[in-house]
Amino acid sequence: MLGLNKQDTRLLLLVVILTMAAPFILNPFPEGSAMAQFNAGYPDLMQRFVIFGIFAIGFNILFGLTGYLSFGHAAFLGIGSYAAMWMFKVLGMNVLPALALSVIMSGIFAVFIGYISLRRSGIYFSILTLAFAMMSYSLAYSVLATDMDGPDKQGLLQKGLTGGETGLQLTLQDPRILGQQTTAEGNIPVPSLFGLEMRSAAELNVGDWVFTFSAGYYFAAFVMLLSFYLSIRIFRSPFGLVLKSIKSNQQRLNYTGMNPKPYMLAAFVISGMYAGLAGGLMASMDPLAGPERMFWTASGEVVLMTILGGVGTLIGPVLGAGAIKYMENILSKINSDILHTWFAFLPDGLEDFVVAIIYPFIGKGWHLTLGIIFMLVVIFLPGGLVQGGQKIAGMFRGKKAADEKADGKTTPAE
Amino acid sequence: MDAIILQILNGLDKGSAYALIALGLTLIFGTLGVVNFAHGALFMIGAFCAVTFSRLLSVSHEVAVPGEVDFLGNPMMRDVPYIYDILGEATGAAVIDWAVPLSILFAIPVMIGIGFAMERGLIKHFYKRPHADQILVTFGLAIVLQEVIKYFYGANPIPTPAPSAFTGSFDFGALLGFDPGSIIYPYWRLVYFGFAALIIGAVFAFLQFTTFGMVVRAGMADRETVGLLGINIDKRFTIMFGIAAAVAGLAGVMYTPINSPNYHMGMDFLVLSFVVVVVGGMGSLPGAVAAGFLLGVLESFASMPVVLDTLPGINQIIIYLVAIIILLTRPRGLMGRKGVMED
């Protein structure tokens, strides 16, 4: 179906079903129960799942296929966000032109950065991409945020191209030539898809359960499915095979008379455009763009997601993005009071002891848990969660069945 | 002229920190062939060694002050550090005042211990794995170390003052014949620079003039042959890892009065130190040191008001810009050897 083989079609259908039913799946606990805080089915978080999923899918096309580890991919995320914001400011609040400009702008930057960075490989490539991303961050933070209108004017560029530390925000004075400048109530309009507001949502009450269906989530999920489908096609295409051969043996590829450079640049640009798309979606869901989106920690985050889920696999990056965002939002909310209520059945001294042991790993310390899990994954499961899942499945089905799976070839990244 | 000298001096202390971290990174890379993303965390742990040590010194107990009562009629209580009881009040106060330099003695064994534990416990298993895996696992370790420090010491910077003898500033202007007050430089930064020069010199001397250093250099050049000669090169490389950790830690200890330590200082320095190492050339010790000072001084020049007026924001990006230019024109960095990390 759609030019995919049977297995990939199954995978795609599975992902379609999972994303479409996410408001149900992620809300397994009734409202008001003690477990309700583990519900991840609220629009804000679900949107982040799919948006970072797109980001990670794109990163995986570069890192998973070619093995080039970019440590500055967040630059494209930031560029995409800024481009979308400018579209909202100048043209109107429709998300489609905003996303189009995000992808185009990040693509242009990716051609430039990729052309220069790809002249080196290994750690030099990582450092070059890092340097470009940090330069973008610093410029967005300082120079590009200076008043370019002049002191007497109050125009669009009053806070520069990027708005600096506070970030780029929408104002009532923005022209928005194709859309309305202000709503009927005199507020700043919200991003929408031909009138369907991104933050509008419908609620469904079933017994004690409350399910929220957000327009923004379904739009982002649709974009994510499209990008996922595209990434499957790239993985299975001759182009994808060339990229894989770059990873396994670039020299041999040279001997066959093929010049890997254009292929690598194409992979870099595609991957940068994915990041720009994710950035544009972030701005569409919450119209604000700040320079911290380009900081190297943001680049590190997508590396973590991809590795955690399984680098070089199709579904891995999406899983990794979901796992990290879930931890960031849910694990970080648990505090010591909640822990005490959980372990209240234990004798007092033991309860305090158990809580004291667990406490450093939750709440504000969730990064510690993330770091430990990440290290364990790198050490024992170079193929990430996907490999872990395959190993467990293999145990049930016997070894042979698992080894025969097409995605079982999760070679560690180089 | 005086402005230029001032900028050079200003660049030296940051350059010293870059050089020390980059030196350790290069030692680890040159000996073990491992790209250590947790090296910034070692710098940070060194800084927190100083914090811990000065806190240990100030552990105190309450003593009643004779002849004084508070408004309820209870005897007035005063905190007296235990060290006063051991060494007497004058010596004790001096020791607490000198806590940061004295922390060096505390930090060396701690850092070497941490280095050994890291190498034997984790890095050892990654020699045969690709460089990307080494980067990733040490990146994870850096996050873990950072969060552990954050858990125990909180997220706020902890002021750790230099000894009061070094609190003032030195007037270079008067010394060099310019107007007095034109080149003012804090004493502690001078100390830091001198300390960095000393450590760097010691590491180079150690590698150059001792038998141990000779074996290590031979191992860096050709590990296999040295191993075939019946020398346990792994053990020596482990020791070098400990030394590199100690260098990073000491850089951190002495940096505390310049910048109050916080849990993410390691990462802030690491990113720049990696740029320094790459600019200097992977695997080249002199390159790392030279690039460290060079970039430190360049950064300080770029923050001069004259430069900022013509090229706004250049101080933020100068290091990265230089890195990009050098990597494109000299692919192996300033002093890199052929065939290092090019696969």
Side-chain angles (χ1 to χ4, degrees), chain A residues 63 67-69 71-72 113 116-117 119-128 130-139 141-146 250-251 295-297 300 303-304 307-308 311 359-361 364-379 382 411-414, chain B residues 29 35 37 122 125-126 129-148 150-152 155 263-264 267-268 270-272 274-279 282 308 311-325 327-328 331-333 336 340-343:
Chain A
F63 182 46
Y68 275 61
L69 175 58
F71 238 86
I113 296 179
I116 297 178
S117 306
R119 295 173 64 172
R120 300 281 165 265
S121 59
I123 189 159
Y124 295 107
F125 172 79
S126 305
I127 295 288
L128 277 172
L130 174 71
F132 276 114
M134 288 306 286
M135 269 168 62
S136 316
Y137 164 78
S138 298
L139 291 178
Y141 199 88
S142 59
V143 182
L144 295 178
T146 47
Q250 202 172 333
Q251 212 164 14
F295 199 58
W296 72 268
T297 44
V303 179
L304 292 183
I307 304 287
L308 194 65
V311 65
Y359 182 67
F361 297 98
K364 281 179 189 154
W366 78 273
H367 270 114
L368 181 60
T369 319
L370 174 66
I372 291 173
I373 292 177
F374 179 70
M375 279 177 69
L376 292 177
V377 164
V378 175
I379 297 169
T411 42
E414 162 65 333
Chain B
F29 181 77
V35 181
F37 249 60
L122 181 71
H125 307 289
F126 276 80
R129 302 271 289 265
H131 283 306
D133 278 16
Q134 300 168 351
I135 294 178
L136 293 170
V137 79
T138 46
F139 182 50
L141 181 68
I143 296 176
V144 170
L145 290 176
Q146 182 172 321
E147 290 302 312
V148 168
K150 184 173 150 197
Y151 179 71
F152 284 109
Y263 71 98
H264 55 76
M267 281 299 192
D268 300 346
L270 177 85
V271 172
L272 286 171
F274 251 103
V275 176
V276 167
V277 169
V278 169
V279 166
M282 288 299 285
L308 278 182
L311 294 165
I314 187 77
N315 58 335
Q316 310 268 347
I317 60 167
I318 179 81
I319 288 192
Y320 301 109
L321 207 59
V322 170
I324 290 169
I325 293 170
L327 279 186
L328 292 178
R332 294 186 193 105
V340 176
M341 269 262 33
E342 283 176 343
D343 43 345

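None of the values given here were measured: they were computed from a predicted structure. Throughout, protein chains are lettered first and strands after them, A, B, ... in sequence-line order, and every chain is numbered starting at 1. What's counted below: heavy atoms across the whole structure, side chains too, no hydrogens, waters or symmetry copies.
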query: Under a 4.5 Å heavy-atom cutoff, which of B:Val275, B:Val277, B:Thr138, B:Leu327 has the most pairs with chain A?
result: B:Leu327
- prompt: Which bit of A:Val303 is near chain B, if near means a heavy-atom gap under 4.5 Å: side chain, backbone, both or neither?
  reply: side chain
task: Taking the side chain as every heavy atom from C-beta outward, state whether B:Ile319 and A:Met134 have any atom pair closer than 4.5 Å.
output: no
- line: What one should report as the nearest heavy-atom pair of B:Val137 and A:Met375 is O-CG, 3.8 Å
- prompt: In chain order, what residues pass the side chain to side chain contact (heavy atoms under 4.5 Å, CB included) check against A:Ile372, with sequence neighbours excluded?
  reply: A:Phe361, A:Leu368, A:Leu376, B:Val144
- prompt: Between A:Phe374 and B:Phe139, what is the ring plane arrangement, given parallel below 30°, perpendicular above 60°, and tilted in between?
  reply: perpendicular
Pairing residues for B:Leu145 by the side chain to side chain contact (heavy atoms under 4.5 Å, CB included) criterion, not counting sequence neighbours: B:Ala41, B:Ile45, B:Leu141
field: B:Ile143 portion near chain A, given a 4.5 angstrom heavy-atom threshold
entry: side chain
task: Output the distance between atom CZ (B:Phe274) and atom OG (A:Ser126), rounded to the nearest 0.5 Å.
output: 9.0 Å
- prompt: Which region of A:Tyr137, side chain (C-beta onward) or backbone (N, CA, C, O), has a non-hydrogen atom less than 4.5 Å from a non-hydrogen atom of chain B, or is it both or neither?
  reply: neither
Atom pair CG (B:Leu328) and OH (A:Tyr124), whose distance is rounded to the nearest 0.5 Å: 13.0 Å
- line: Heaviest contributor of heavy-atom pairs below 4.5 Å to chain A, chosen from B:Val278, B:Leu321, B:Val148, is B:Val278
- prompt: With a 4.5 Å limit on heavy-atom distance, are the side chains of B:Leu122 and A:Ile379 in contact?
  reply: yes
message: Rounded at 0.5 Å granularity, tell me how far CD in B:Gln146 sits from NE2 in A:His367.
response: 8.5 Å
message: Using 0.5 Å steps for rounding, measure from the CD1 atom of A:Ile127 to the CD1 atom of B:Ile324.
response: 11.0 Å
field: A:Ser142 OG to B:Ile317 CD1 distance, which is reported to the nearest 0.5 Å
entry: 8.0 Å
task: Please flag which part of B:Tyr151 lies under 4.5 Å from any non-hydrogen atom of chain A: side chain, backbone, both or neither.
output: side chain
- request: Mind checking the CD1-OG spacing from B:Ile318 to A:Ser138? Nearest 0.5 Å is all I need.
  value: 12.0 Å
query: By a 4.5 Å heavy-atom criterion (distance strictly below it), what part of B:Phe152 contacts chain A: side chain, backbone, both, or neither?
result: neither
